[in-house]
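Note that the structure is a prediction, hence the values are computed from the model and not measured. Labels below follow one simple rule: chain letters A, B, ... track the order of the sequence lines, proteins then strands, and each chain is numbered from 1.
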Amino acid sequence: MNKRAKSIIVYTLLILGSILMIFPFIWMVSTSLKTPLEVYSLSIIPDNPTFENYRRIFQDTLFGKWFINSLIIAVLTTISVAFFDTLVGYIIAKFQFIGKTIIFIAILSTLMVPTEMLIIPWYLMSSEFGWTDNYWGLLFPGLMTGFGVFLMKQFMQSIPDDLLDAARVDGLGEFKIFWKIAIPQVWPAISALCIFTFLSNWNAFLWPLIVLESPEIFTLPVGLSYFASGEFESRWELIMAGATITALPLILVFFFLQKHIIKGITLTGMK
Amino acid sequence: MADTSLETNQPLKPKAKKPRSRLTLKQSKYMFVYLCLLVPLIFYVTIRFIPTLYTFNIGFHEWNILSPEKPFVGMDNYVALFQDPVFRKSLFNTFIFIAFGVTGQVVIGLGVALLLQRINTFVGIFRVIYFIPYVTSIVAVSWVFRWLFMNNGFVNEMLTNLGLPAQLFLNSPNQAIYIIIATMVWQALGFQMVIFLAGLENIPKTFYEAAEVDGASSWHKFKSITLPLLNPTIVFSVVIGSINFIQVSFTQVVNMSVDSAGGPLQSTLTIVVYIYQLAFRQFSMGMASAATVVLFLIVLAITVIQMKVLSKKFDY
């Protein structure tokens, strides 16, 4: 086989694969723009595209609220994880102190315990302390992660000690050294950590499903699931509008940050 | 925290008081370390360690939320668990998920990475397209696939248009699990592709050049250079994929199974869905905790195997 024929085959395979990867999204958006009469037709471009489904979803259901809840939770968790994991990673990488090894191993060991193992005690704790059905109950399990500490420690280690000592000689306080000198050195790793944390919290389903009871406080995934299997069952044009609202923000974020995200995966996967 | 560490340093005039500043520097370092670790330590102890130990404890009790009595029952929950055909079914299904899902992910992910390596233009665009499903909402995607595979959904309409028989898909005890696995493979493919692309880039080009001089075929090069040198990456992918399939499958199963609980006929029930049903539908926390311990042991075993395999030296 000559080179040209080979490359035609390669491109054909890749294009066919791309269609499979993209088609579900096209079908989702297409259905969300259809009228109830048209929803079972196979046309990809709706005859009378309409935003009525979106209007209904925002006006008649709690999707707007769920969207805001998801955003608040994902942003707060991301800030907390980015701050604490980076700080702890920095301290473990750059300081000698009593108990350091034990603390590091203890934090690493949490990586081996699947979240599913903790949901029952978390739930019992939450009902004991009145943490169910509010933002705090949603937030508390994810405020710090062992993964982030490990990741940041690996990157902080590459900062030369001389740089930090020079700052100390200049009279900079320890926190300022961390904030002004260390953080800028590992910025790519922090942004990767932020993106993953945001993504996994936007997607979180099991814990929110357990800890939340009132629809007003649902996050988008729980809300969408409740909506789609509830009274709007089989109203596919509405369910797909809801799915689009849930899925699209992440895709948009991805388009702006794709280089960072793909690099971040390579970084974290290889460390 | 920030203020205290600054306060200790601010009164100093660094150049004027050198001998004292060195001592204070050490003190301020310690102060900084312990102050900053305070909140994280409280978090890890109360939110991670105590709950982990508590789970083991609950597992040894008959613990129904609705009854005030929580008697110690030793290993009874574990015995009951393995005698429960539904639990055994969920274990079996979880292994089906891993076996088919991880194989699919790794093989197709590696395949796409190899194809992308062969081309020079549009690499970036293809990479983005294959990656998009990974960065979007799992619940949304689950409902889109549910819609595609409905009785009167897109796939069945296409099949009938082509003169093929319509399928039950998510309503069929034999097919539903594979539809869910396919959804998960579709979604995680991009992640695997990126990992493999990075792994492939680490293989020195000189090996291929040498093989070309010897006149080796593409297949031969793949078998004797790419595959062995990619081994650590493959192990990593398999482990990450397995752990993901165990844990993530909950969201897909709950949103895609026809009864939201691992149906039809428990054919898509996985361990995590079983745990959820037991704990939060039947309030049997003791037995559910025992099941999470079993889950923990499975994840632990996979991680230990990974460490064993990855710590082996690979000769270049």
Side-chain angles (χ1 to χ4, degrees), chain A residues 7 10-11 13-14 17-18 21-22 24 27-28 31 40 42 84 87-88 91 95 97 106-107 110 112-114 116-118 120-122 140-141 143-144 168 171 173-176 199 202-203 205-206 210 221 224-225 228-229 236 239-240 243 246-247 250-251 254 258 261-262 265-266 269-270, chain B residues 2 5-6 9 12 14 25 28-30 32-33 36-37 40 43-44 47-48 51-52 54-55 58 112 115 118-119 126 128-130 132-133 135-140 143-145 147-148 152 154 157 191 194-195 198 247 250-251 255 260 272 275 279-280 285 288-289 292 295-296 299-300 303:
Chain A
S7 90
V10 170
Y11 275 104
L13 284 173
L14 283 170
S18 302
M21 299 311 273
I22 291 299
W27 193 240
M28 169 181 83
T31 308
Y40 290 103
L42 280 184
F84 283 111
L87 185 63
V88 176
I91 286 173
F95 290 85
F97 56 94
I107 293 176
T110 62
M112 288 194 192
V113 179
E116 290 73 16
M117 195 181 172
L118 301 168
I120 291 170
W122 283 346
F140 82 86
L143 291 176
M144 292 167 215
R168 284 190 187 105
E174 287 297 337
F175 189 80
K176 267 216 165 132
L199 203 66
W202 189 272
N203 267 325
F205 184 68
L206 176 61
I210 289 166
L224 175 62
S225 179
S229 50
W236 290 105
I239 296 173
M240 288 302 111
T246 315
L250 294 175
I251 297 176
F254 172 65
Q258 38 132 328
I261 297 178
I262 291 178
I265 295 223
T266 322
M270 296 293 116
Chain B
S5 67
L6 286 176
N9 270 347
L12 304 175
L25 213 62
S28 80
K29 266 191 185 177
Y30 269 111
F32 174 72
V33 164
C36 290
L37 286 180
F43 173 84
Y44 279 105
I47 310 293
R48 297 277 169 176
T52 307
Y54 202 40
T55 302
I58 298 172
V112 174
L115 287 178
R118 285 171 156 262
I119 62 171
F126 280 123
V128 166
I129 291 176
Y130 280 88
I132 287 176
V135 282
T136 194
S137 161
I138 299 173
V139 172
W143 283 93
V144 174
F145 272 78
W147 170 216
L148 283 168
N152 40 15
F154 183 85
E157 296 290 326
F191 176 83
V194 169
I195 295 291
Q247 298 182 354
F250 177 82
T251 311
N255 287 289
S260 301
V272 182
I275 293 169
F280 301 100
M285 298 290 179
S289 292
T292 65
L295 176 79
F296 165 68
V299 173
L300 192 67
T303 318

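Between A:E116 and B:T292, the shortest heavy-atom distance links the atoms O-CG2, 3.4 Å. Across all non-hydrogen atoms, the minimal contact from A:I120 to B:A288 is CD1-CB, 3.6 Å. Of all the heavy atoms in A:V88 and B:P40, the pair that sits closest is CG2-CG, 3.5 Å. When all heavy atoms are compared, the tightest approach of A:L250 to B:S137 is CD1-N, 3.5 Å. In terms of heavy atoms, A:P141 sits closest to B:F43 at O-CZ, 3.6 Å. Residue A:V10 comes nearest to B:L115 through the heavy atom pair CG1-O, 3.6 Å, listed as atom of the first residue, atom of the second, then distance.
Checked against a 6.0 Å centroid threshold, the rings of B:F32 and A:F95 count as neighbours.
Side-chain atoms of A:F205 and B:I138, non-hydrogen and from C-beta on, never get closer than 4.5 Å to each other. Under the 4.5 Å side-chain criterion, counting only non-hydrogen atoms from C-beta, A:P221 is not in contact with B:T251.
Contact count versus chain A (heavy atoms, under 4.5 Å) is highest, among B:I58, B:V112, B:N255, B:V299, for B:N255. Taking A:L143, A:T31, A:L14, A:T110 one by one and counting their heavy-atom pairs under 4.5 Å with chain B, the maximum is reached by A:L14. By number of non-hydrogen pairs under 4.5 angstrom with chain B, the leading residue of A:L42, A:I22, A:L224 is A:L42. Among B:Y130, B:F145, B:Y54, the residue making the largest number of heavy-atom pairs under 4.5 Å with chain A is B:Y130. In terms of heavy-atom pairs under 4.5 angstrom with chain B, the leader among A:T246, A:L206, A:I251, A:V113 is A:L206.
Only the side chain of A:I210 comes within contact range of chain B, with at least one heavy atom under 4.5 Å from a heavy atom of that chain. Interface remark: A:S7 contributes no atoms to any contact with chain B (heavy atom separation under 4.5 Å). With a 4.5 Å cut-off on non-hydrogen atoms, A:Q258 touches chain B through its side chain but not through its backbone. Residue A:L199 touches chain B through its side chain alone, counting heavy-atom pairs closer than 4.5 Å. Only the side chain of B:Y30 comes within contact range of chain A, judged by heavy atoms closer than 4.5 Å. Proximity to chain A (any heavy atom under 4.5 Å) is restricted, for B:L300, to the side chain, taken from C-beta onward. Interface residue B:R48: backbone and side-chain heavy atoms are both found under 4.5 Å from chain A. In this structure, chain B has heavy atoms under 4.5 Å from both the backbone and the side chain of A:F97. Residue contact with chain B, scored on non-hydrogen atoms closer than 4.5 Å, involves the side chain of A:I239 exclusively. The parts of B:V33 that come within reach of chain A are both its backbone and its side chain, each placing non-hydrogen atoms under 4.5 angstrom from that chain. At a 4.5 Å heavy-atom cutoff, the contact between A:M144 and chain B is made by backbone and side-chain atoms alike.
The closest donor-acceptor contact from the side chain of B:T55 to the backbone of A:M117 lies under 3.5 Å. At least one donor-acceptor pair under 3.5 Å links the side chain of B:T136 to the backbone N or O of A:A247. When atom types are taken as modelled, the side chain of A:W122 and the backbone of B:I47 share a donor-acceptor pair closer than 3.5 angstrom.
From B:I132, atom CD1 reaches atom OG of A:S18 across 9.5 Å, with rounding to the nearest 0.5 Å. Atom CG of B:L37 sits about 4.5 Å away from atom CD1 of A:I91, to the nearest 0.5 Å. Atom-to-atom distance recorded for A:W27:CH2 and B:L148:CG is 7.5 Å, nearest 0.5 angstrom.
Classified by interplanar angle (parallel below 30°, tilted 30° to 60°, perpendicular above 60°), the ring pair B:W143/A:W236 is tilted. Taking the six-membered ring where tryptophan is involved, the planes of B:F126 and A:Y11 are tilted, since the angle between them lies from 30° to 60°.
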